[in-house]
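Worksheet: the structure to be examined is printed underneath.
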Amino acid sequence: MSVSSLALAQTLLNGALLGCLFGSIALGLSVKWGHLGVADFFHLSLTLLGAYLTYSLVTELLWDPFLTLAVTVPAFFVVGVGVQYLFHLIDAQPFTTLLITFALFIVTESVVSMIWSPDLLNLRPLLADGFTTSIRLPDPLPRLAVQPIDLVALVCAALMVGLATYALRSTRAGRAVQAMRQDAAIAETLGVRVLPLTLAVSGLAAATAAVAGMVVSLRMPLTPTLPLQWIGVVVVATMLGGLGRPLGALVAAVVLMMIQNAWSLWFPPQWAPAVTFGVLFLFLALQPLTRLARERITSGRTA
Amino acid sequence: MSLLRCRGVTKRFGGVKALSEVDLEVAAGEIVGLVGPNGSGKTTLLSTIAGSLPVTAGTIEFDGRDITRASAHRRAHAGIARTFQVPRPLGSFTVEENVATASMFGRHATGRAAALDRARDVLKAVGLAAHAGHAVDSLTLHERKFLEIARAVALDPALILLDEVLGGLNPSEAALGMELIASLRERGMAVIYIEHNVRAVSTLADRMYVLNQGQNLADGTPADVLNDPRVIEAYLGGPVDA
Ligand SMILES: Nc1ncnc2c1ncn2[C@@H]1O[C@H](COP(=O)(O)OP(=O)(O)OP(=O)(O)O)[C@@H](O)[C@H]1O
Ligand SMILES: [Mg+2]
């Protein structure tokens, strides 16, 4: 079967834009996993909750979808702070945090089914045409189509990942986070206020789920099991991008979704998610080799 | 008035009583030597003073304020800095970034550029200027120990706690280290200085404390302490300088 280059380009573009959405979900997971040592499955549930809350505020109160962020962002910040404070109170070890966030992940699915029903809910029919009708890229560019909502996903991902990367690399607070991540006890003896810092990081990471959730509600029909569909791509992108590196997670998510979409052009689409795990498997299998190579090179340099 | 006053400090680890009812005082600007056999509780006492470990009982006052329950970062801001017996540099920071972290978040918190300037000054003072931009895993043991001191000094403390910073160094490195410690006192810092080598401590210290099995054994001027029969007994029954 032959595929025109225009169709291939369109498929890759769609994959990249959907990857932006998964990248903005992976952002919060990557920050919490990398910098707080919490592999937070609940972050995916928060994203789902953000989507459903957006749906309700738009359909019941007729709010503008973007206005809902004024409520969901601060609310999720508080949730993030609360969960991290709980971990502090019980002095939770990494495995305990994994169990707790996994339990919350399961519970949230049922709670969402109970409150909003297990059926598909779709915001798209209610949106203004400007949101949903595809637009063509302007003239010098190839004749590809994009949906405005995908551009929203792109802008949200770029803004959040850009801000997070800048904050982690270049601000005082970012330096404190890096010191804490390496050795919290040392950071504390050097004057870093570790507890408030972990609370703030967790709160901000959770707040990004509100933004990602809003994009989800505009982009796809909602069901309570969505996080199970996301988890593969989001976790693999987080690991491939390097824990604690939001930009790496975004790039990985974009590349993964481009590969998945391209795969579906030639091979059975139901296998596409497996491609993601194939990439992870290859990466993990090759990692010892790349590490060995790196050590060879660096030891050769210092010798 | 003393800068630091520990009264009845007791620390239990489960069944092990690492410290029982230890008293210790340090005046501003003096070097206090803290010696004792292996496992006598020196590091534990230092950790309770720095806030790295909570005490089981007793009180710790610093600068006239009760800091017994204060967190480690509050004590750092109040003017207490410590080193670790086994150096613990932040591995993905360069040498100067390690030191700058203390200036950035310590007693007189600064921005990053000012902190890096200050870090380079401190590194020059401890003789590590040439390594400022290097990765910490390129440092030798002696350089790592001096990095520990540099990081503590960069907090600009009133009291600096040094845990065997000269242990494992060769004689010329140790001599450099002793000069460095004496220079801290000249800058107005008080020092608690733990060392196995009692000789080295006695030449530098204004006063000394001896711990044995988690208890005060003796204290006073180096001459008094070295001639105290209980101290001689504790050090394997032999004279201290043997
Ligand atoms: N975290 C800990 N948990 C349990 N026991 C501990 C802990 N830290 C120290 N101890 C015990 O407390 C006692 C005092 O230890 P500490 O390290 O303070 O001695 P030290 O005087 O510094 O010895 P050294 O000269 O070998 O450094 C020892 O018996 C040690 O085994
Ligand atoms: Mg010790």
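So you know, we letter chains A, B, ... as the sequences are listed, proteins then strands, and number each from 1.
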> A/Val194 and B/His73: side-chain contact (heavy atoms from CB on, under 4.5 Å), yes or no, with the steps?
Replying inline: CA-CA 8 Å; A/Val194 168; B/His73 70 75; over 6 Å; no
>> Holding to ring pair (Phe, Tyr, Trp, His ring centres under 6.0 Å), I want the full list of residues that pass it with A/Phe281, two or more places apart in sequence or in another chain.
In response: none
> How far does CZ of A/Arg175 sit from CZ of B/Phe105, to the nearest 0.5 angstrom?
Replying inline: 8.0 Å
>> Looking at A/Tyr85, I'd like to know if its OH atom is crowded, meaning that more than 12 non-hydrogen atoms belonging to other residues, nucleotides or ligands lie closer than 6.0 Å.
In response: no
>> Please identify, among B/Pro89, B/Ala72, B/Ala100, B/Ser138, the residue contributing the most non-hydrogen atom pairs under 4.5 Å to chain A.
In response: B/Ala72
> Measuring heavy-atom distances to chain A, does B/Leu155 have an atom under 4.5 Å in its side chain, in its backbone, in both, or in neither?
Replying inline: side chain
> So, for A/Gly191 and B/His77, which heavy atoms are closest and what is the spacing to 0.1 Å?
Replying inline: O-NE2, 3.0 Å
>> Rounded to the nearest 0.5 Å, what separates atom CD1 in A/Ile186 from atom OG1 in B/Thr101?
In response: 11.0 Å
> What distance separates A/Gln182 CD from B/Asn98 CG, expressed to the nearest 0.5 Å?
Replying inline: 7.5 Å
> Under a 4.5 Å heavy-atom cut-off, does chain A meet the side chain of B/Thr83, its backbone, both or neither?
Replying inline: neither
> Can you say whether B/Ser52 sits under 4.5 Å from chain A via the side chain, the backbone, both, or neither, judging by heavy atoms?
Replying inline: side chain
> What pairs with A/Phe41 under ring pair (Phe, Tyr, Trp, His ring centres under 6.0 Å), at least two apart in sequence or on another chain?
Replying inline: A/Phe102
>> Let me confirm one number: the OG1-CZ distance from A/Thr171 to B/Arg112, rounded to the nearest 0.5 Å.
In response: 8.5 Å
> How many angstroms lie between atom CZ of B/Arg88 and atom OG1 of A/Thr189, to the nearest 0.5 angstrom?
Replying inline: 7.5 Å
>> Run the side-chain contact (heavy atoms from CB on, under 4.5 Å) test on B/Ser71 and A/Glu188 for me, step by step, so that the C-alpha distance in whole Å, both residues' side-chain angles and the decisive distance to 0.1 Å come before the verdict.
In response: CA-CA 8 Å; B/Ser71 60; A/Glu188 180 96 24; 3.8 Å; yes
> What heavy-atom pair brings B/Met104 and A/Arg172 nearest, and what distance separates the two atoms?
Replying inline: O-NH1, 2.7 Å
> Take atom CZ in A/Arg245; do more than 12 heavy atoms of anything else shown fall under 6.0 Å from it?
Replying inline: no
> Under a 4.5 Å heavy-atom cut-off, does chain A meet the side chain of B/Ala50, its backbone, both or neither?
Replying inline: neither
